[in-house]
Structures are given as structure tokens and as C-alpha cells.
Participant: 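Okay, here's the structure, questions in a sec.
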Amino acid sequence: MKIVVLVKQVPDSGLERHLSSDFTVDRASASNVISELDENAIEAAMALADAGQADEVTVLTVGPDHAVETIRKALSMGPDKAVHVQDDAIAGSCAVTTSAVLAAALGTLEYDLVLCATESTDGAVGGMAQMLGARLGVAAMTGARKLTVDGQKLTVERQTEDGHETLTASTPAVVSVWDSMNTPRYPSLKGIMAAKRKPVTTLSLSDLGLAPDTVGAAGATSKVVQAEPRPPRSAGQRITDEGEGGVALAEYLASQKFV
Amino acid sequence: MDFRLTEDETALRDAVAEFATEKVAPVIGDYYERGEFPYDLVAELGRMGIFGAPFAEKYDGAGGDYFMLCLALEELAKVDSSVAITVEAAVSLGAMPVYRFGTDAQKERWLPRLCRGEALAAFGLTEPGGGSDAGATRTKAVLDGDEWVINGAKCFITNAGTDITEFVTVTAVTGTGADGRPEISSIIVPNGTPGFTVGQKYSKVGWCASDTRELFFDDCRVPAENLLGERGRGYAQFLRILDEGRIAIAALATGLAQGCVDESVRYAGEREAFGRPIGTNQAIQFMIADMEVRAHTSRLAYYDAAARMRAEQPFKRYASVAKLHASNAAVDNARAATQVFGGYGFMNETPVARMWRDTKILEIGEGTSEIQRMLIARDLGVG
């Protein structure tokens with residue numbers, strides 16, 4: 001089976017992040033890293049490769065020049081090759097237009113399974129697997145905490161708020177994963193040194209047959225018009241126990257739908 | 001002329017730093033308190049290829065070099081020295097003698113499992129009656145037919161008694177040289193060989209999660225082919241191994257010194273006294289600035305020694321300079337960091353307390369600071 005894993009370079013969520021004046025993510029001043037959940041998608045692919053169930057793992061990313069750092073990081077975990085879609089006109093894309101670029105890029109690749117994170121740590125839109133499924137005309141199973149492959153049959157445990165659902169689909173399909181699925185491996189020294197020898201194909205919009213005005217800020221279906229910093233945390237509600245503290249606590253939790 | 005790391009070196013450093021912060025830091029305090037060897041961390045570092053860092057891929061090594069090992073040691077030691085010394089001893093004392101001086105058969109037999117971190121090996125040089133005076137080896141090995149018969153004892157041997165230790169390379173007197181001095185050779189002794197007893201773990205001041213043992217040889221017989229390299233070359237072999245090892249210990253000491261800086265910077269910003277963070281006091285600022293100077297210059301010193309070694313230039317003096325300077329820096333920084341932490345720094349639960357306990361040995365192990373000064377002076381032609 002051939003697997004394509006989607007990865008995205010994002011500003012480090014552990015450090016201070018900013019928006020540019022046009023309310024897009026300020027990637028220039030940020031310390032950019034691989035979106036954390038993408039490592040779980042890579043791990044899922046490499047676990048299948050280690051088990052002999054995948055014979056080729058390709059990393060696919062859309063991003064500026066420096067996204068190549070994230071490609072190297074991804075390749076150091078074991079995938080065989082990478083595709084980097086890079087075009088100045090892509091800047092400012094919304095999730096919908098990004099999915100058009102990814103779908104076009106996937107159209108140039110052979111795949112049985114597309115793995116991605118359920119959401120990125122920057123935009124956290126959480127809709128890429130669904131949009132790709134629709135664009136490619138294949139099943140999209142999202143929010144997976146477990147994935148098993150039996151020939152052409154994929155079985156997914158989909159994590160929900162109440163527990164999980166079991167879904168099945170046949171290949172080709174898109175599966176998005178949560179971090180509950182696995183613990184990503186640390187890159188090995190051998191993997192790090194091999195990463196720079198692995199092939200990275202760079203594709204532009206014209207390679208994909210996409211018109212520049214259909215993507216990027218020009219083609220975006222949504223636009224951020226205002227952004228406010230998160231308000232400071234409020235002081236919270238204090239319950240003083242005068243014999244009825246437990247009742248007050250229970251009522252508060254019930255009012256917040258915790259119990 | 002600079003010391004910028006390559007892309008690979010940066011990626012390795014980052015990966016080990018992530019591992020140290022995410023996997024080692026949360027658990028190592030408990031291992032340390034219990035004096036327990038962290039097998040799971042060793043296994044994970046094995047999968048990452050750290051134990052095979054400087055070795056060729058045909059032995060399941062990573063095909064990197066000694067400097068990469070040093071970078072990994074520095075990152076580990078920023079968080080903890082027990083794991084760092086376990087790796088250092090496993091690679092530069094356990095596997096390296098076989099890699100440098102072994103026959104093809106010895107390398108093929110022993111190295112792959114060592115490179116994968118599935119097995120450990122140790123180097124038995126120091127004896128109860130001779131540390132710095134390594135030429136005063138008393139352990140004897142006599143060739144009886146096609147077997148060496150070994151008698152004697154070794155002490156302070158790292159990694160000699162873990163569940164996954166496969167052998168110890170032991171230096172022993174095998175005769176008298178033409179110059180009348182003892183002829184010393186290195187012999188591989190597999191763990192479990194009759195007559196080879198591994199003693200109890202020492203109770204140590206520091207490095208408490210690492211394995212350190214006393215070894216006893218009582219008519220211990222191993223095949224003649226277990227001789228490592230040429231007979232009578234033992235002294236030259238361990239001098240080479242110790243020269244390299246000093247760069248690795250310098251890297252480890254640099255990590256500890258830097259760990260003290262990092263912890264102190266964090267704490268100086270958090271801890272308040274007299275209504276403001278203690279970092280607003282110049283007394284604390286200057287202490288931390290001095291710590292940074294020591295950590296940074298230690299790093300430059302070991303980078304330089306490693307660069308000379310990589311370029312196959314003479315590096316002995318520079319390895320000693322790096323080891324001496326970095327171990328001084330580690331001791332000074334741990335003392336200063338403990339001072340920044342105040343009473344908390346005296347509590348074993350804080351990382352700087354562990355760092356303080358782990359520093360003293362750096363002025364002793366793999367050549368004392370006095371030996372380093374002696375070597376530097378001798379190399380300068382003094383005395």
C-alpha cells in the first residue's frame with residue numbers, strides 16, 4: 001500500500017505567536033515547527049510500514065520555502081520521499097483553497113491511504129480530511145484513535161465526546177488521526193542523516209494546473225477581518241463552605257454541564 | 001572559521017534535547033532516588049541510534065562521528081548526568097575499543113547489539129590500587145594453552161553489571177616488555193564467564209541511576225582469541241581511548257554547566273523575594289552571567305578538541321584543556337545554581353541538587369583535573 005501523509009509547518013504553539021497586519025499568521029517572525037499532531041499521522045504511517053503493510057510513505061506539504069525544514073523533520077522519522085507545493089500565490093489561502101491545492105497535488109501521486117492530523121495547531125479548522133474526501137471522491141474517516149488495515153479494508157476507531165465509533169471503508173481513503181492513536185517516534189540519527197538524501201519534489205501551481213487567482217488570498221472563501229487578543233483570565237467564582245459547600249459545587253458543575 | 005552546526009548536527013541535537021526534556025526529565029529523579037538503572041530510556045536511546053553514533057552502518061552504527069556523540073551527551077546532561085554517563089561509557093569505553101582495535105570477527109560479534117543499545121559493554125582499567133597510575137596494573141593474565149587465565153580486581157567500572165551487559169574489556173599484565181616494564185594487554189571477558197564476579201552496586205554521591213561496579217577475576221578463563229588487538233598494546237590502546245573520552249566527558253560537563261544556567265534563568269524569573277523576582281537583583285544577574293560564560297567557553301573548548309580529532313590533527317592537549325575547563329565550569333555552575341535556588345537547591349527534588357551531586361566526579365573520572373594539568377604542561381614542554 002502507498003501512503004501519503006500531510007504535514008504542515010506552523011508557528012511553535014509553545015512560544016508567542018502573532019498575526020500579520022492582514023490577519024494571516026505571521027510566519028516570518030515565528031519559530032516554525034511541524035504541527036504536533038502531524039507527527040502522529042507520520043507515526044501511524046511508519047507503524048504500517050514497519051509492519052510490512054505499507055511499501056511507500058510520501059510526505060506532502062503546502063508552504064513557503066522554509067517549509068522544507070518541516071519536510072526534513074518529517075523525513076527523518078522514516079518516510080521515503082516528499083512533495084513540496086510551493087508558490088507565492090498560495091499565501092493567504094483559507095482551508096478550502098488549501099484543500100484544492102492538496103487535492104490537485106494528490107492527483108499527481110499514487111496513494112491508497114492519505115493520513116493527516118485531525119487539526120493543525122495553528123488554524124485548528126479541523127476540516128481538511130473531510131474536504132479532501134469530498135474533492136477526491138473517496139471516504140474520509142476523521143478523528144481516529146486507532147487504525148487497522150486488512151488488505152483493502154480500513155477500520156478506524158473514531159474518537160467522540162462519548163467514547164468511540166467504529167468505521168470501515170475500503171481504500172483509497174483519507175484518515176485523520178488524534179494524538180491518542182500513538183506516541184510518535186523520535187527521529188533516529190540514521191534517519192536524520194538519511195533525510196537529506198531523500199527525494200523532495202517541488203511543484204508549483206502551474207505544475208498542478210491551478211490558476212493563481214483561485215487560491216491564496218485572491219481565492220480565499222473566508223477572510224479574517226478582526227482579531228482580538230485573548231482576554232485576561234477572570235478571577236473565577238469562589239464558593240465559601242458554610243455547610244452547603246458541596247451542594248454549591250455540585251450546582252455549579254451542573255450549571256456548566258460537567259455533571 | 002566558526003563552530004556553526006550542520007543541518008544534521010542541529011537535527012540530532014534537537015531530537016536528543018526533545019527526548020531529554022520529554023522522556024528523561026519527568027522520570028529520572030525517581031530512578032536516581034531508588035538507585036535504579038533506567039533500562040527503558042536506554043532502549044529508546046538505542047532506537048534513536050545514539051549508542052551507534054560514531055560507528056559504521058555495517059555494524060548497525062549510525063555512520064555519524066564522535067562529535068555527534070558529544071552533541072547528544074551535552075543535550076542529555078543538560079537534564080541528567082546518569083543517563084549521559086551511561087551512554088558515554090557504553091560508546092566511548094565499551095564499544096570503541098572493539099571498534100578501534102578489534103578483529104573483524106570481534107567487531108561482527110559484539111558491535112551490532114552495542115550499536116543498537118540492546119547490549120552494553122564496559123572498560124575495566126581502574127584497579128583498587130591504581131587509578132591515575134594506570135601503568136601500575138596488577139591484574140594478571142597468563143596464556144595457558146589456548147586460554148587466558150585472569151586474576152585480579154577492577155573498581156569503579158561503569159555499565160559492568162546491568163542486565164544487558166555482555167562483556168568487559170579488561171586490561172591485564174601479560175608479561176614483561178623488552179624495556180623491563182610490564183606488558184599490558186586488553187582482553188574481552190564476557191559477563192557470566194566462570195571466575196568473573198561482578199560486585200554489588202556502589203552507593204555513590206552522584207550518578208545514582210548509572211551502574212558502577214567492582215569486578216573480581218579468580219582463575220577466570222577466556223579463549224586466546226579474546227585478546228583485543230595486539231598483545232602488549234594495552235597501554236597505548238587505553239591512552240587513545242581516554243584521550244577521546246575526555247572530549248566526551250567535556251561535552252557532558254558542558255551540558256551540566258548549561259543545565260545549571262537554564263534552571264537558574266527560569267528560577268530567577270519565577271522566585272520572588274522582597275516583592276520582586278530575584279532575577280532583578282544584580283547579585284543574581286552577575287552570578288548567572290558568569291555561569292553562562294563558563295558554559296559557553298566549555299562548549300567552545302570541546303567543539304575545538306572534537307574538530308581537531310575529526311580533522312585527524314593532534315588533539316590530546318585540547319581534549320585535556322576541554323575536560324579540565326568544562327569540569328571546573330560544571331562544579332562552579334552547580335555551586336552557583338544551588339545558591340540561586342537557596343534552600344530549594346539543597347533539596348534532592350530540584351534538578352540543581354542532582355546536578356550538584358553529579359559534578360564532583362567530573363573532576364576525577366577519565367583523568368583527574370591534576371592529570372589533565374600534568375598532560376597539558378607536558379605537551380607544552382614544561383618540566
Side-chain angles (χ1 to χ4, degrees), chain A residues 7 9-16 30-40 42-47 49-51 59 61 65-79 82 84 121 179-180 182-200, chain B residues 5-27 40-73 75-76 79 83 87 91 95 112 115-118 266:
Chain A
V7 303
Q9 190 178 50
V10 298
D12 191 339
S13 57
L15 303 173
E16 208 169 313
S31 169
N32 294 301
V33 296
I34 187 168
S35 183
E36 218 171 303
L37 282 172
D38 294 352
E39 294 187 21
N40 297 90
I42 297 168
E43 179 59 39
M46 293 316 300
D50 290 347
V59 169
T61 197
D65 282 358
H66 52 74
V68 77
E69 299 154 11
T70 290
I71 289 177
R72 294 286 174 218
K73 168 78 198 260
L75 290 175
S76 73
M77 292 173 71
H84 182 185
T121 57
D179 55 357
S180 49
N182 53 40
T183 306
R185 64 194 62 193
Y186 290 92
S188 71
L189 177 49
K190 220 184 258 189
I192 288 168
M193 294 198 297
K196 66 174 184 301
R197 297 193 293 266
K198 291 177 178 173
V200 179
Chain B
L5 301 183
T6 65
E7 216 177 286
D8 285 354
E9 289 160 354
T10 307
L12 168 72
R13 189 194 60 189
D14 293 351
V16 177
E18 220 174 296
F19 175 80
T21 317
E22 292 172 3
K23 297 283 169 150
V24 180
V27 300
D40 52 342
L41 298 175
V42 166
E44 183 99 24
L45 284 164
R47 280 190 288 276
M48 291 173 73
I50 305 304
F51 287 94
F55 304 123
E57 292 188 53
K58 68 174 168 175
Y59 302 117
D60 273 358
D65 64 15
Y66 205 81
F67 180 56
M68 286 179 155
L69 168 71
C70 291
L71 285 174
L73 292 173
E75 292 309 317
L76 288 171
V79 168
V83 173
V87 174
V91 180
C115 285
R116 294 196 298 267
E118 294 165 3
R266 182 182 61 73

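As the structure is a computational prediction, the values presented were derived from the model and not from experiment. Chain letters run A, B, ... following the sequence lines, proteins first, then strands; residues in each count from 1.
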Participant: Sort out for me which of B/A62, B/A53, B/G64 touches chain A most, counting heavy-atom pairs under 4.5 Å.
Facilitator: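 Heavy-atom pair counts peak at B/A62.
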
Participant: Please flag which part of A/R185 lies under 4.5 Å from any non-hydrogen atom of chain B: side chain, backbone, both or neither.
Facilitator: neither

Participant: Contact part of B/E9 toward chain A, heavy-atom cut-off under 4.5 Å: side chain, backbone, both or neither?
Facilitator: neither

Participant: Check A/I192 against B/A15 and note the closest heavy-atom contact, atom names and distance.
Facilitator: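 Residues A/I192 and B/A15, closest heavy atoms: CD1-CB, 4.3 Å.
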
Participant: Any chance NZ of B/K58 has more than 12 other-residue heavy atoms, nucleotides or ligands included, within less than 6.0 Å?
Facilitator: no

Participant: Please say whether more than 12 non-hydrogen atoms of neighbouring residues, nucleotides or ligands are located less than 6.0 Å from CD in B/E22.
Facilitator: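 Count over threshold, so yes.
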
Participant: Treating A/S35 as the side-chain partner and A/T121 as the backbone partner, does any N or O pair qualify as donor plus acceptor under 3.5 Å?
Facilitator: yes

